[in-house]
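First the proteins, then the strands, lettered A, B, ... as listed; each starts at 1.
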There are 2 protein chains.
Amino acid sequence: MKARNVPNLIQKRFKSSSITNNLIFSNHQLLKVKTLDDIHSYQLLQDLGFIHQSNAGITHWLPLGLKTLRKLTSLIRKRMEEVGFEEFELSSLSNKSLWEKTGRWNNSELYKLKNDDNFCLAPTHEEEITELVRLQNPNYKNLPILTYQISRKYRYEKRPRMGLLRGREFLMKDAYSFDSSYNNAMKTYDLVNSAYYNFFKNDLKLPFEIAKADSGDIGGSMSHEWHFLNERGEDTLFKCDSCGTVSNVEKAVSLPLDDFEFAKEAEVRYLLSKDNETLISCYYPKGRVFSTGYLLEYIEDIDLSTLNLSNEKIFERFQSSEEDLILKKFIRVMDIRINDSTDLPDFPIKVFQKNNFSMVTDLSIVEPIENEICDECEEGKLHSEKAIEVGHTFYLGTKYSAALSAKFFSKDNKPEFFEMGCYGIGISRIIGAIAEISKDSQGFKWPAAISPFEFSLVVAPKVEASNVEDFKLTVNKSLSFNQIENDKISFGNKIRMNKMLGVPIIAIIGKEYPIIELEIRGKRWEQDKLKYEYEKLFELNGEEWNWRFEINENGIEKHFFHKDHFNAIVESLLKDL
Amino acid sequence: MKARNVPNLIQKRFKSSSITNNLIFSNHQLLKVKTLDDIHSYQLLQDLGFIHQSNAGITHWLPLGLKTLRKLTSLIRKRMEEVGFEEFELSSLSNKSLWEKTGRWNNSELYKLKNDDNFCLAPTHEEEITELVRLQNPNYKNLPILTYQISRKYRYEKRPRMGLLRGREFLMKDAYSFDSSYNNAMKTYDLVNSAYYNFFKNDLKLPFEIAKADSGDIGGSMSHEWHFLNERGEDTLFKCDSCGTVSNVEKAVSLPLDDFEFAKEAEVRYLLSKDNETLISCYYPKGRVFSTGYLLEYIEDIDLSTLNLSNEKIFERFQSSEEDLILKKFIRVMDIRINDSTDLPDFPIKVFQKNNFSMVTDLSIVEPIENEICDECEEGKLHSEKAIEVGHTFYLGTKYSAALSAKFFSKDNKPEFFEMGCYGIGISRIIGAIAEISKDSQGFKWPAAISPFEFSLVVAPKVEASNVEDFKLTVNKSLSFNQIENDKISFGNKIRMNKMLGVPIIAIIGKEYPIIELEIRGKRWEQDKLKYEYEKLFELNGEEWNWRFEINENGIEKHFFHKDHFNAIVESLLKDL
C-alpha cells in the first residue's frame, strides 16, 4: 500500500447514538417478561448489554456500560483534582520484594504469575507508590504528595459472586497521600473525605452513609467507610437515632438499655498478648457475637492475629511457649452485661498465682443489637441498616513508610517517615451497587450524572422523518441520546426498553410535533428538597412557554412543551434526577 | 463522622499547571550535563518524570507521561470512532478454553496465573472478542460489528528492553471487525487504514511508512505495518525509488540487476509439505538470507511450521514418516540468481524416482539487498530503511471465526463464519518511539498534538507578579501550560528544562511586558509544506500586530508580539508543530 493512494473513506457508518441497535437486547426474552422483579440486577446488566460476564468474577465492558463507567470516572477525577491529587497509572505487575517487606506477600488472595515468581497482580498499590515516592527523595517542601489512579485491580476471590460487587478483576480509584506530620495527614484525610462527600452528595445524589470502620488488614488507626443503603447489602451498619453516628457492625459499640437483665450464661473468647505470655479471656453473654469494641485500646499489646484463631488453637499456643505455666499472666475481661450471678464456662487452668491475675469489667465486647444504647452519645438507640460499601478512607500513619523505609527530609534536614493515608472508591462496584439499588420491576434508574445517555428518543408511528431530523437539530450537543431504530420493535416496546435501560428521561415525538412529550423515568432521590430546579424554571417560564406537566394514574410524570424549550427544560430536569 | 459535619475543605492546593514542581526533575544531575546525546530516550523519559520503570519491562506512568498518553489516546479514539468503531473494554483475564481452540495456549510468551490454571493475561483479544460476538447470534443486518479498546496487554518478554518499546506490560489500541463477506471485510480493512493514515499524517504529522508485512503468528493473508523511520529501529523496510512500494524485509521481494552475476555457490534450505511426504529444497546464493518471497503462493501446501526448523530436523521428520523413501516426492526450488554453473550442496537422497521429482525456477527466495530491482514495478531500485513499528493491520479471514465456530445468519438464514480483521496501535510504544525519534542534544520535541502542555511559561527575573497574573488571565483555557516556580532554578535553567521536556513553545515574560517572547522548541516535521499556518496569519496581521519573528544564529526561532495576540499566534504556530 502506498501512502499517497490511501483513499479517504472516512464516513460515519453508525451514529454513536444508535449504540442500542447493535449489541444490546441480545436477550429479546426480556420483552416477553411482565416484570423484572425476579431478574437480579447483575443479570439485567448483562441482558441489557452493559457488561458481559465472561467467567465468574470477570467482566467485559460493552459500549453501553463503558459510557456509564466513563461518566463515573470523570466525576471522580474532577473531585480528586479539586483537592489537589494528581493522577498516576501504576503497573498492575508489582514486585514481590516490596510485598515481603510489608508482610503481605503470603496473602492467598494475591494473584501470582506462573512464568515469573517475582510478581503479583496488584489488588492495591501501597507498596509500589510508597517505593516510588521514596525514590524521589522529597523534602518537607514537596509535601504533601497526593496521588491517585483509576485502574484494574485483581483479587483471587475464591467465590466470586453478585457480578460487579465481588469480582476477580475490578476497577478501583485508589489514592495515596504522603504528609510530613500527623496534623497534616489529618488535614489531608479530611480533605479526601470532603471530596468523597461532594461526589456522593452532589454528583450521584443517592442516599449514603459514612461509617466508622475497622481498618482490617490494611492497618492504620482511623478509617471510614462510604455506603449505599440497600436491604440486600452484605454490610451491617448501626446508626444512632440521636447523635446520628454510624458505625460498621465490627466497630459499633453499644450499651445495654437501662432496664436490661444481666446474662444468665456466658461464652468465652481467648486472645493472647504479643509475647504470648498473657491469656486474655473475654466473657460475654451467650448467644451474642463477640466484638473487640474498645478492648484494643484498654489492652494495647494484644496479638491481633489471635482474633482469627479458635479458642483451642490459642490455648495450644499459650501452653506451648517456653515459660512455665505457673509464671504466666491472665486477664479476665467481663462484658458489661455480665455480673456475679452469670454462669461462666470453666477456666482451663487450675493452678495459677493470684498476683498474675487481673480483671477488666464494664466494657462492651459484643456486636450491638437493635435498640441498644449508642456508646457515643449514651442517649440514642442504635438501629441496624444493611448496606453496600463503595468507598473507604484510611489514615495509615507510618505503617507502610516504616516498612519500606520511605522518608522525607524535615525542616531540620532529618529523615522522617511519611505520614500516609489511602483512599479507595470501588468504581465497577458502584455501577453494580447503583444497578442493584435503583432497579425496580421495569428496569434501572441511573442517576443523570452517570446515565449512559441524558435521554432516549422514541418516535411514535407515522411521524414524518423530517420532523425527527428537525428535532435532532434543536438538541444541544451536550445532551447525548439513544434511539432504537429497529422497525420491528413496537412503539410501546421501545418505551419499555428505554425504561429498562434506566435513562432518566424519555422524549417522545408524536403527531403533535413540534410539541414534545417527556416521560420521566429517573428518580429524585433527594426527596427533602424545598424546590427542584425544574419547578423554579416552571415558575419563571411555564406559562409563557405553554409548558404543561402531570403525574398520571400510574405515577408517571409527563411534560409537554414546544421543542424550542427542549434544551432548557431537559437540562433543568436532569439536575435533580 | 457524621455526614452533616463534614467540613467543606475544598481548595486547590496545587495548580495543575505546576505539575513540574513536584516529581519531575528528581534527577537534578540533568542540569549539570552539557548535552543529552549520551542519554537514551527511555532513560530521559524517566529522568524527566514522564514514567518510572519499576522493573525491567514494567512501567509506572507519572502525571507528566499520563498527560501525553491521554492526548494520544483521545486522538486514536476520535479516529476509530470516525470510521464507526465502538469502544469496549475486555477483561485482561482470558480463558484457556478459547486459546486452546485457536491453538495459541502453548505460547511461551503468554503470562499465566499461578492461582488459577484456566486464565492467561491477554496479550491480544481475538479469542475473547470473537467469543463475545458469537454469543450475540447476530445476523447479516447487524454487520459489520466494529469494536476497539485501549487497554493494558501482557507478554512474558524474556528480555524486556528499550523501555516502552519492548515491555512486559504495554498499552495497545486493538480493534476487531466482523464482516459478512470478503468484499465487506476489505472495505473495513481500507477504512481502518484510512483512519490510521489520518492519525499518523494529520494528527501526529511525523514521517511514517506503510509497509506490506508478513502476517506472522496471528494468521490471515493480508497485513500492513505502520512505521516511524528511525536509524535505531529494530525493523528493516525496503522502499522502491520508483513505484514507492514499501515492504518489511520479510515480505519484500527483489529481482537482481540486469547485469548481475549468477551465484558461484548455493546454500539450501529444506521445507516439507503438509503431509510431510514432499521435501522442498530451496537453493539460493551463498551468503544471502533465505526468504519465502512468493514461494508460498507457488507451492500452496507447505507446512509453515517447518519454516522455523533446521535442515537436520526437517530431514529427520521427512525420513521418519511411514511412507517408503522411494515413493516420496521432491521439489527443487532455484532462486533466480542461480544457474547451471552454480555449485549446489550435495543432495542427501541418492535413490529416487525421476517421476517424483519436479523443479521450480526463476523465483526470488532471498531477502533483498540495497539497490536490487523492485519486484512490484520491475523498474525502481530498492533501498533499505530502519524503522520502528507502531501499528499493524491484519485481514484475518475466517481463521478465528472458524476455530471458535463464530457465525452469523446470512440473508438466506444460513450460518456463516465471520470475515474478520484486527488492527493494532502500540500506544505506549508510540510514546517511546516519538521520544526516540524526536530527541536531540537538548531533549525531546513532542508533536503539539500529544505534548503534555501546549506551552511552557518562563518568567524572567525581577518581573512583577502582577504582570504574570495579568498574562495568565489572557491565555485561552484550551492552551494548557506548565511553569517551574522554584526560585532556586535560574532563568536559563528554566529555559533548558523546558527544552528538555519537549513542549513545543516556550513563552517568556520579561521586562518588555506586555510584549511576549516566544521561543520555538517544536519541529515542523512536514517540511514540504508550501505555507505554514502561522505564515498565513502573519501575512494577514503581522504588520498591524507589530509581530516580529527571527531565526537567530543558533537556529532558534523567536517571535515577539503584544500579549493580546498571544492566543491567535500560539494556536496558529501549534498547527504545524
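Neither the backbone nor the side chain of K201(B) has a heavy atom closer than 4.5 Å to any heavy atom of chain A. Only the side chain of Y154(A) comes within less than 4.5 Å of a heavy atom of chain B; its backbone N, CA, C and O stay farther away.
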Practice task
Take E87(A) and R70(B) through the test salt bridge (charged side-chain N to carboxylate O under 4.0 Å, His left out) and record every step on the way to the result.
Solution key: CA-CA 11 Å; E87(A) 192 169 4; R70(B) 287 278 157 79; 2.9 Å; yes
Practice task
Give the intermediate values and the outcome of side-chain contact (heavy atoms from CB on, under 4.5 Å) for residues L66(B) and Q149(A).
Solution key: CA-CA 11 Å; L66(B) 204 50; Q149(A) 61 175 353; over 6 Å; no
Problem - Chi angles and distances behind the side-chain contact (heavy atoms from CB on, under 4.5 Å) call for H52(B), L90(A) - result: CA-CA 9 Å; H52(B) 172 76; L90(A) 305 187; over 6 Å; no
Exercise for the section: Just do the side-chain contact (heavy atoms from CB on, under 4.5 Å) check on E131(A) and S54(B) with the steps written out, would you? Expected result: CA-CA 9 Å; E131(A) 175 69 2; S54(B) 62; over 6 Å; no
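To the nearest 0.5 Å, the span separating CG on N55(B) from OG on S97(A) amounts to 7.5 Å. Here the OH atom belonging to Y156(B) is positioned 9.5 Å from the CZ atom belonging to F119(A), to the nearest 0.5 angstrom. In this structure, the separation between OG on S151(B) and CH2 on W61(A) is 14.5 Å, given to the nearest 0.5 Å.
The heavy-atom pair separating S92(B) from R152(A) by the smallest distance is OG-NH1, 2.9 Å.
Annotation: side chain of D116(B) is in contact with side chain of R168(A) (closest heavy-atom distance under 4.5 Å). Considering only heavy atoms from C-beta on, N115(B) stays 4.5 Å or farther from L110(A) through its side chain. Between N95(A) and I58(B) the shortest side-chain heavy-atom distance does not fall below 4.5 Å.
With no hydrogens or angles considered, no side-chain donor-acceptor pair links H60(A) and E89(B) at under 3.5 Å.
Taking a 6.0 Å sphere around NZ of K78(B), one finds it holds more than 12 heavy atoms contributed by other residues, nucleotides or ligands. Within a 6.0 Å radius of NZ in K158(A), other residues, nucleotides and ligands contribute more than 12 heavy atoms.
Heavy-atom pairs under 4.5 Å with chain B were tallied for I51(A), I129(A), N137(A), L93(A); the largest tally goes to L93(A).
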